[in-house]
Amino acid sequence: MSDPIAWLRTPGAIRERSGHVLAAGDRGALRHFAIDRARLDAAADYVIATMRANYPTGEIPYHSRWRHFAVGGRDRWAALAATIAHPGADEVARIRFDLAVVSVLLDAGAGDAWRYVEPPTGAVLARSEGLAVASLDFFAAGACSADARQPLRADAAALANIRDALARTFQVSAANPLAGLDGRVALLQRLGRTIATKPMFGTPARIGNLFDHLAMRAEEGRLPAAAILRAVLEGFAEIWPGRIELAGVNLGDVGRHPAAGGAGLAAGFVPFHKLSQWLAYSLVEPLEEAGIDVTGLDRLTALAEYRNGGLLIDLGVLVPRHAGVLAEPHEGGSEVVVEWRALTVALIDEVADRIREKLGMSAAELPLPRILEGGTWSAGRTIAAKLRPGGGPPLRVISDGTLF
């Protein structure tokens, strides 16, 4: 491992270190969770039933931010795109990159109390869908652009000066609190300052110029999904607050766990890069619609977040070893949360394999992003709603607005 920082930013590192934690769990050597492998088939069956209910034709799209913009059967992105005068395919892709990055970075858990009332429709939306629609309205109003003549863009100058507009657009009040509001504002401000220093975002710096950076790296019209994640991690590494550093470099969404293994500078680290992978998944469709074929989607991993992880707890695959796991809230970097997230990455891969086996489909026919969408994320939400008022996760994580 000649460059441990570069390695920790790869999907291979996520799977390897999560696999080490799973192996410890199989030995009964973890402090917070036991694993009941007898429940994996039932979990696969539950997800298959959810997939069939959600997508009875079997046509499952990718797990990405674009699904949330169409909540309630109204395609808000299509409506916004129709307002763009004479766009070229590349400029539409840049706008979609601008929107996707801002929206995904605002997608950390909203909390149980927050709701967004969509102005045109009066629809009351919560959680990821509410955050998605609110962020689209925020973007469409030109809040991320420093040029009033070009409101549909996200540039460094505007992002670095984001202030009260976010709270106003997201309808935040004492009666409608949004978890981690200050963290979200600070995240967008750091995003603006960061992209201003990175050549990949052009001059003047704009998020959408990342499309051109990636397009230039496509060979014969093909781009590996891992290259998208690498660009996202390199481009946005400095925006994450209070994260672990290695040799002065912010590692982003990386935790520590005693079962992680490894040697040298990277020993004990478990990378997840949840929001970065969510973002990478969300950039696939803009790239493909601009004529670039994204390959190797299964190289990316399951997202280590509370819907996938909650599904495994609620279906009995992950069994808490002590009452504190579910009774107490936990910091995102705590051992219990890192353990839960690592087991989620490793076990969702196994659930995906069982789903394909039961359906007689290959990984090419049913790649992981479709299983997540169809899928494990939706199944996690469904069972949470059945088991707990408000549909919150079984394990509570203290959010600063930048983790999930």
Side-chain angles (χ1 to χ4, degrees), residues 18 21 25 30-36 39 42-43 46-47 50 54 63 67-68 71 104 106-115 125-132 177-181 183-184 253 255 257 270 272-275 277-278 301-348 351 371-404:
S18 294
V21 177
L30 296 178
R31 296 206 301 173
H32 306 291
F33 288 98
I35 300 161
D36 185 352
R39 298 294 301 163
Y46 190 91
V47 175
T50 304
N54 289 344
H63 189 54
R67 307 289 79 76
H68 294 153
V71 61
V104 166
L106 290 173
D107 189 42
D112 294 339
W114 179 80
R115 299 292 185 270
L125 305 168
R127 301 191 180 278
S128 285
E129 287 85 355
L131 291 169
L178 176 63
L181 173 63
R184 293 171 211 265
D253 185 10
H257 194 279
V270 187
F272 299 111
H273 306 307
K274 184 272 175 179
L275 279 176
Q277 289 202 91
W278 174 232
T301 77
L303 303 180
E305 47 83 47
Y306 65 89
R307 290 305 181 196
N308 289 321
L311 176 72
L312 296 173
I313 294 175
D314 286 338
L315 291 180
V317 177
L318 292 180
V319 182
R321 296 179 68 97
H322 58 87
V325 172
L326 302 186
E328 304 165 4
H330 305 279
E331 296 287 348
S334 65
E335 184 179 302
V336 62
V337 173
V338 173
E339 188 168 300
W340 178 44
R341 298 180 78 197
L343 293 170
T344 296
V345 169
L347 287 168
I348 290 295
V351 171
I371 291 175
L372 296 176
E373 175 59 29
T376 58
W377 185 90
S378 182
R381 168 176 280 186
T382 299
I383 195 167
K386 291 178 179 178
L387 295 178
R388 288 173 292 280
L395 191 156
R396 291 175 294 152
V397 179
I398 299 167
S399 173
D400 66 356
T402 65
L403 185 62
F404 293 161

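R321 places no side-chain N or O within 3.5 Å of a backbone atom of A34 that could act as its donor or acceptor partner. Side-chain N or O atoms of D253 include none that pairs as donor or acceptor with a backbone N or O of F272 at under 3.5 Å. Using modelled atom types, one side-chain atom of Q277 and one backbone atom of T301 make a donor-acceptor pair closer than 3.5 Å. Proximity of a side-chain donor or acceptor of W340 to a complementary backbone N or O of G309 within less than 3.5 Å is detected. A donor-acceptor pair is defined here as one N or O able to donate and one able to accept, closer than 3.5 Å; no such pair exists between the side chain of N308 and the backbone of T344.
Across H322, E339, H330, a single residue satisfies side-chain hydrogen bond (donor to acceptor under 3.5 Å, both in side chains) together with H32, and that is H322.
Looking only at side-chain heavy atoms (C-beta outward), V336 and E328 stay at 4.5 Å or farther from each other.
Salt bridge E335/R31: present, at least one basic N to carboxylate O contact under 4.0 Å. Salt bridge status for D314 with R388: present, with a side-chain N to carboxylate O gap under 4.0 Å.
Here the CZ atom belonging to F33 is positioned 7.0 Å from the CG atom belonging to L343, to the nearest 0.5 angstrom. Distance NE2/H63 to CG/L303: 5.0 Å, rounded to 0.5 Å. Residue R381 holds its CZ atom at 5.5 Å from CZ of R307, rounded to the nearest 0.5 Å. Atoms CG and CD1, from L372 and I348 in turn, are 7.5 Å apart once rounded to the nearest 0.5 Å. With rounding to the nearest 0.5 Å, the separation of CD1 in I383 from CD1 in I313 is 11.0 Å.
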Derivation and outcome, side chain to side chain contact (heavy atoms under 4.5 Å, CB included), residues L311 and V47: CA-CA 9 Å; L311 176 72; V47 175; 3.9 Å; yes

